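Below is one structure, written out as structure tokens, with a few remarks after it.
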Amino acid sequence: MNFYKQAATAIDHLDTKQGSVKGSIAAAGLGSGANGKEGKRVLALVIESLKYRPILQPLSESLKLLDVERKIFPQKVPAGAPSSKNLLLVLLHDLLFSKDAKIQASDKWPPKMAVMRHATRLKAELVKLQIKKGLSNKESFEMEGGNIAAMIPRYVRCNSNVVDHDTLIQHLTSGPRPFKLVDTPTYPPEPQTFFRDPHLDELLVFAPSTKFDQNPDYANGGIILQDKASCFPAKVLMQDWDGEEGEIIDGTAAPGNKTSFISALMGNEGKVHAFERSHQRFKTLEKMLARASCKNVAAKRADFLESKPGDFAKVTRILLDPSCSGSGIVNRLDYLLEDGELVASTGVKNNTDEPLQLAEPEDDDVKAERLDKLASFQLQMIRHAMKFPAAKRIVYSTCSVYKEEDEEVVLNALECPEARDYGWKLAPRSEVLPLWERRGIAEHLKGDQVLADGVIRCVPGEDHTNGFFVSCFIRGEAQGAADQKRKRSTDEEENDDVLSNDEEVGVAEDEGDGPKTISSRKQKKNKRKKKKKASSVTVAVI
Ligand SMILES: C[S@@+](CC[C@H](N)C(=O)[O-])C[C@H]1O[C@@H](n2cnc3c(N)ncnc32)[C@H](O)[C@@H]1O
């Protein structure tokens, strides 16, 4: 199968929601997958064609190309062949939007001949459309049609493990194609300009289509392409870090963008324990950490829920950015590329370990069930983190905009027994990027405006980022295990209802120094009851 047929087959695969982008590349007959040379080439064509599909498809329809050339692009294609619609799409992309404005195939290949018969008209129609829309160049079509994704700036995080901020700016503003550093933020930034992010010192903000794949600082890990919102959790976690306090856990680390930011915020010193459960994603994590020159990260392929809190007595801060629905991610097309190694032309990380599919409406019941499962897993992660004996700060984040995974998880976490036993509460706004205007939604937090102010939301299309949510749990003093046990047994005497609630939620057994599990607490309660019964019997006998 040739290159165009492979790309069209991959798009068919994505259109019919048959699986992940990697699966789509495999379906296109590329044995080496998306990481091989051919795979990368096909993947790039798939993404670029999808970006311009809102222009290319109507253009082709206005010229009735599928109809006029139906012999070459039949409605019904033989089994295993790509659909005519998507074959035409990728060919039109290369003719009208590729660098060389050429279809890279033999002039005698019938599909190319068919498209070339209409090339002059197609180009003329595109110019007309460009003028009508007042666009300065045809690449601006990418921004058309309320394409929120294409309006999100390209955020460059300066990785201080490799290069310092001033040196990076000096590199960027010199060389053969220098960028111009401007003082005033404008959204989206003008091409070939950039400005300092108004909220995060480590970030520089560029025009959305800026490419860094040829940039030497990108190649050596000095530049990390990371959506602004995705930088918030590490920043909140590491607020007022003095280097002496203790160690850090990143409970859900791959692909490692937040881990490497934490590492840099620690000056590449101290220790970060990075957990990643998935075998495949762990490999990506290792590569990303090496590329970002993280020397203070101990990565483990392990399930955070199975970690024993008592084994991490020095850990004072924990980041949890668990799997979520990814409903906040709008630049789905760039996101197709974001898979560890393939980050060159992307601005946002892959923030879900779900197989990647093009967004399509989901049945309400299916969605509710999926969110329910995700939310209980997310809560379980927070409850586990709350048991770490020296922990005093837990940051919980998602790239979801659904209340079920955001405020409601926070509320449930605040009401869980671990929060009560260990004295966890929500950090106030002053500790959670106070200058970020958009906060949580009080309505989802039982109307509590103070709680809502303590968390952060990002809304795609309005905040120049993907959709995101960040919260931070704190406790004043890390209490000793003995204190906690004493407190717990007092509470147990007082509150039977909480135990039955715990049963419903279900917490994993833990054999560490943290609080005893619900089942062992229940056993204790039963023992106490038996003891009481026994003593009353004894009294009666006497
Ligand atoms: C949303 S992604 C994390 C993204 C990462 N924080 C970053 O910024 O690059 C969630 C990750 O957590 C991992 N994960 C989910 N449950 C886990 C668990 N119980 N223990 C460890 N890793 C887990 C998933 O495999 C996935 O790689």
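Owing to the predicted nature of the structure, the values given are computational and were not obtained by experimental measurement. Remember, it's 1-based here, ligands and their atoms both numbered in the order they're listed. Heads up: numbering here begins at 1 and tracks the sequence.
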Hey, is [X] touching ligand 1 through its side chain, its backbone, both or neither, going by heavy atoms under 4.0 Å?
X: Ser230; result: neither
X: Ala302; result: backbone
X: Cys399; result: neither

N or O contact, [X] vs ligand 1, cut-off under 3.5 Å:
X: Ser323; value: no
X: Thr252; value: yes
X: Lys258; value: yes

Carboxylate-amine/guanidinium proximity below 4.0 Å for [X] and [Y]:
X: Lys235; Y: Glu202; value: yes
X: Asp250; Y: Lys258; value: no
X: Glu408; Y: Lys403; value: yes
X: Glu431; Y: Arg393; value: yes

*Decide if the gap between the ring center of Tyr155 and the ring center of Phe206 is smaller than 6.0 angstrom.*
no
*Does Met381 have a non-hydrogen atom less than 4.0 Å from ligand 1?*
yes
_Atoms of ligand 1, numbered as shown, that sit under 4.0 Å from any heavy atom of Phe377_ = 15 (C), 16 (N)
